[in-house]
> 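Please read through the structure below; I'll follow up with questions.
One-based numbering along the sequence shown. Computed from a predicted structure; not experimentally measured.
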Amino acid sequence: MTTNGHIQHLDPRELIVDANVRRDAGLTEDFISSLTEHGVIQPVHAYQAQDGTVHVIAGQRRTLGAIQAELATIPVYVTDEAEDSHELAVQITENLHRSNLTDADTAAGIEQLAAFGLDAKQIATSLAMTQKQVKATRAVSASAAGAKALQDGLTIDQAALLAEFSEHPDELAELEEVAATQPEALAHAAANARSDIERTATREAEKAAALERGLDILDNDPTWTPGAKAVALHELTHADGSPATEKDATAVYFGYRTVYAVTDWKGAGLSRNGSQAGGGMTEEQKAERREVIENNRLMNDANGVRIQWLTDTLNRAKLPAKSAQWAAAVLATRNRHISPTAAADVTGKESEHEFSQWAAKTPSKAAHVVLALAVSTFEGYMHKGVWRDTYPDQAMITYLQQLESWGYTLSDIEQTITAKKN
């Protein structure tokens, strides 16, 4: 590529503004007024093609603004024709630093660079990104759902969540609705949808296995159905007193839980252990039991989203404002609750040992280590049933509220905790 060039004063209307990665040039009234009063101060960067036309490499906004401000000429630094990939890299980099490029624009630019033959490493180097970021962005662009999400104004991370559900149209439609109306809750909604899909897949696999074994599929849970012919396994024992197992089952119920049972338990040589099937729970009690199971699942999902948010936060160079003071105050009063396992989880480490090594070898991350340890004093006790506590630890409530103040979005189930008072 030729680097020699010279300044020319050219009519902006005669410049060729090629397909630029920025969809919104940001031509505000203040910007146009400034151009009208002062003109273009910093030269636009362009190259001259073999046919004599001058193509803008960097400075699309200034060029379009000059046209709107009706400037006769603008200063242009003109070089010989350059490689397309270099031009685009310069253009994207300038926009990233100057004009808050949207994620959709960045993704489009990356795709154009890839089309010119640059690999992930070269793109990452050109744009000061990591290869992981480049690959993740390209994966989103390759998905119809992800590409649409970017065009709708979502971030790459949010679009990636939608792209994950490309093969699940019903869940995708629900998540797109959440993205449109409450984007801050998308991570929680995606976690819930993910667990629903996993639970459905597990249930279908169980059903297929049950049918292959020749088991009868029951319409009602035999445990709570008065007069049910089938009896749940946990109520049955063998002649030697050992409990009945799944191998003894001749029927199964698939509902909010899976219950294996035996229809002709007497004929199978089994004895009932004294617990009574059916009649022990009212419809209200059954509903309460289903609610407990569902909320436990939701709390598990929320825990996963929160841990990931903490991991992302603790892997950033800049921590939340005043987090060091908060961590110091927490450790001064809750140091006996430090959980090395939880500290490893929130920093994305595989084990307590890996966390310890990381803490010892990266003194520059001392504030991150301290914050992780402070967070662990809460996360180590954030079990799936914590939402049920009638009088939750006030410190736990304050902890969730602190995370919220740092930008974390509480799920509905987490809000049931913060809504309680001692």
> Would Asp105 and Thr102 satisfy side chain to side chain donor-acceptor pair (under 3.5 Å), going step by step from the backbone distance to the final call?
CA-CA 5 Å; Asp105 296 333; Thr102 68; 2.8 Å; yes

> Does Lys148 come within less than 4.0 Å of Asp152, counting only side-chain N to carboxylate O?
yes

> Can a donor-acceptor pair be found between the side chains of Ser376 and Glu379 at a distance below 3.5 Å?
no

> Looking only at heavy atoms, what is the nearest atom pair of Pro222 and Val259, with distance?
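In this case the closest contact between Pro222 and Val259 is CG-CG1, 3.9 Å.
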
> Hey, can you tell me if Tyr381 and His337 have their rings parallel, tilted or perpendicular (30° and 60° cut-offs)?
perpendicular

> Step by step, would you call Thr223 with Val231 a side chain to side chain contact (heavy atoms under 4.5 Å, CB included)?
CA-CA 7 Å; Thr223 307; Val231 176; over 6 Å; no

> What's the shortest heavy-atom distance between Ala66 and Leu35, and which atoms?
N-CD1, 3.7 Å

> Is the backbone of Val346 close enough, under 3.5 Å, to the side chain of Thr311 for a donor and an acceptor to pair up by distance?
yes

> If you apply the rule side chain to side chain contact (heavy atoms under 4.5 Å, CB included), what do you find for Ile293 with Arg290, and how did you get there?
CA-CA 5 Å; Ile293 292 174; Arg290 286 192 291 270; 5.8 Å; no

> Without hydrogens or angle criteria, can the side chains of Asn296 and Trp387 be said to hold a donor-acceptor pair below 3.5 Å?
yes

> Looking at the rings of Trp406 and Trp326, which for Trp means the six-membered one, are their centres under 6.0 Å apart?
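Close enough - the centres of the two rings lie under 6.0 Å apart.
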
> Is it the case that the side chains of Thr63 and Gln60 hold a donor-acceptor pair, with the cut-off being a distance below 3.5 Å and no angle test?
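No, because no side-chain N or O of Gln60 sits under 3.5 Å from a partner of the opposite role on Thr63.
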
> Looking only at the side chains, is there a donor atom on one of His188 and Asp412 sitting less than 3.5 Å from an acceptor on the other?
no

> Report yes or no: does Thr155 contribute a side-chain atom to a donor-acceptor pair with the main-chain N or O of Gln158 at less than 3.5 Å?
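Yes, because the side chain of Thr155 sits within donor-acceptor range (under 3.5 Å) of the backbone of Gln158.
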
> Using modelled atom types and a 3.5 Å cut-off, is there a donor and acceptor pairing between side-chain atoms of His383 and backbone atoms of Val386?
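At least one qualifying donor-acceptor pair exists.
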
> Other residues, nucleotides and ligands only: do more than 12 of their heavy atoms fall within 6.0 Å of NZ on Lys384?
no

> Can you check whether Leu319's main-chain N or O pairs, donor with acceptor, with Ser323's side chain at less than 3.5 Å?
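Checking the backbone N and O of Leu319 against the side chain of Ser323, no donor-acceptor pair under 3.5 Å is found.
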
> Just wondering, do Glu288 and Val292 contact through their side chains at under 4.5 Å, heavy atoms?
no

> Quick check: do Val252 and Glu246 have side-chain heavy atoms less than 4.5 Å from each other?
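No - every pair of side-chain heavy atoms lies 4.5 Å or more apart.
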
> Can you tell me how the ring of Trp358 sits relative to the ring of Phe355, calling it parallel under 30°, perpendicular over 60° and tilted otherwise?
tilted

> Distance-only, no hydrogens or angles: does the Gln68 side chain make a donor-acceptor pair with backbone N or O of Gly65 under 3.5 Å?
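Pair absent, no side-chain N/O of Gln68 close to backbone of Gly65.
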
> Begin from the C-alpha positions of Asp264 and Lys229 and carry the test salt bridge (charged side-chain N to carboxylate O under 4.0 Å, His left out) through to its verdict.
CA-CA 8 Å; Asp264 184 12; Lys229 183 179 180 181; over 6 Å; no

> Check Ala190 against Leu175 and note the closest heavy-atom contact, atom names and distance.
N-CD2, 3.6 Å

> Does this structure show an ion pair linking Glu294 with Arg199, if we count only N-O contacts that are shorter than 4.0 Å?
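Yes, this pair counts.
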
> Without hydrogens or angle criteria, can the side chains of Ser143 and Ser166 be said to hold a donor-acceptor pair below 3.5 Å?
yes

> Let me know which of Val178, Val140, Leu154 forms a side-chain contact (heavy atoms from CB on, under 4.5 Å) with Leu162.
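Exactly one candidate clears the test, Leu154.
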
> Calculate, to the nearest 0.5 Å, the distance between atoms OG1 and CG belonging to Thr263 and Leu215 respectively.
9.0 Å

> Is the side chain of Gln415 donor-acceptor paired with the backbone N or O of Leu410 at a distance under 3.5 Å, no angle test?
yes

> Taking atom CD of Glu350 as the centre, does the number of heavy atoms from other residues, nucleotides or ligands within less than 6.0 Å exceed 12?
no

> Minimum heavy-atom separation for Leu236 to Leu270, with atom names?
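Minimum heavy-atom contact is CD1-CD1, 4.0 Å.
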
> Check whether the side chains of Glu206 and Thr258 place a donor and an acceptor atom closer than 3.5 Å, and report yes or no.
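Thr258 and Glu206 do have a side-chain donor-acceptor pair below 3.5 Å.
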
> Given the ring of Tyr399, does Arg334 sit roughly above its face, with NZ or CZ under 6.0 Å from the centre of the six-membered ring and within 45° of the axis?
no

> Go through Thr418 and Gln401 one step at a time and tell me if the side chain to side chain donor-acceptor pair (under 3.5 Å) criterion holds.
CA-CA 7 Å; Thr418 59; Gln401 292 172 333; 5.3 Å; no

> If we ignore hydrogens and angles and just use 3.5 Å, is the side chain of Glu174 paired with the main-chain N or O of Glu171 as donor and acceptor?
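Checking the backbone N and O of Glu171 against the side chain of Glu174, no donor-acceptor pair under 3.5 Å is found.
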
> The criterion is salt bridge (Lys or Arg N to Asp or Glu O under 4.0 Å); which residues satisfy it with Glu164, sequence neighbours excluded?
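Expected list: Arg194.
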
> Answer whether the closest heavy-atom distance between the side chains of Val76 and Leu15 falls below 4.5 Å.
yes

> Between Arg257 and Asp221, is the closest basic N to carboxylate O distance under 4.0 Å?
yes

> Kindly indicate whether the side chain of Val134, heavy atoms from C-beta on, has any atom under 4.5 Å from the side chain of Ile110.
yes

> Verify, without hydrogens or angle tests, whether Thr409 (side chain) and Glu184 (backbone) share a donor-acceptor contact under 3.5 angstrom.
yes

> Would you indicate whether His353, at its atom NE2, is surrounded by more than 12 heavy atoms from other residues, nucleotides or ligands within a distance under 6.0 Å?
no

> Between Arg306 and Tyr408, is there a donor-acceptor pair closer than 3.5 Å when you use the side chain of the first and the backbone of the second?
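Side chain of Arg306 to backbone of Tyr408, a donor-acceptor pair under 3.5 Å: no, none is there.
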
> Are side-chain heavy atoms of Val375 and Leu371 found at a separation under 4.5 Å?
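A side-chain contact exists here, since the closest heavy-atom pair is under 4.5 Å.
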
> Given side chain to side chain donor-acceptor pair (under 3.5 Å), test Ser411 with Glu414 step by step and report yes or no.
CA-CA 5 Å; Ser411 64; Glu414 289 168 316; 3.0 Å; yes

> If only atom types and distance count, is the side chain of Asp103 paired as donor or acceptor with the main-chain N or O of Ile156 below 3.5 Å?
yes

> List the steps, then state whether side chain to side chain contact (heavy atoms under 4.5 Å, CB included) holds for Met299 with Met382.
CA-CA 9 Å; Met299 193 68 214; Met382 197 69 80; 4.1 Å; yes

> Verify side chain to side chain contact (heavy atoms under 4.5 Å, CB included) between Val330 and Leu373, making sure each step is shown before the conclusion.
CA-CA 9 Å; Val330 168; Leu373 291 172; over 6 Å; no

> Mind listing the closest non-hydrogen atom pair of Phe378 and Ala395 along with its distance?
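Heavy-atom minimum between the residues: CE2-O, 3.4 Å.
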
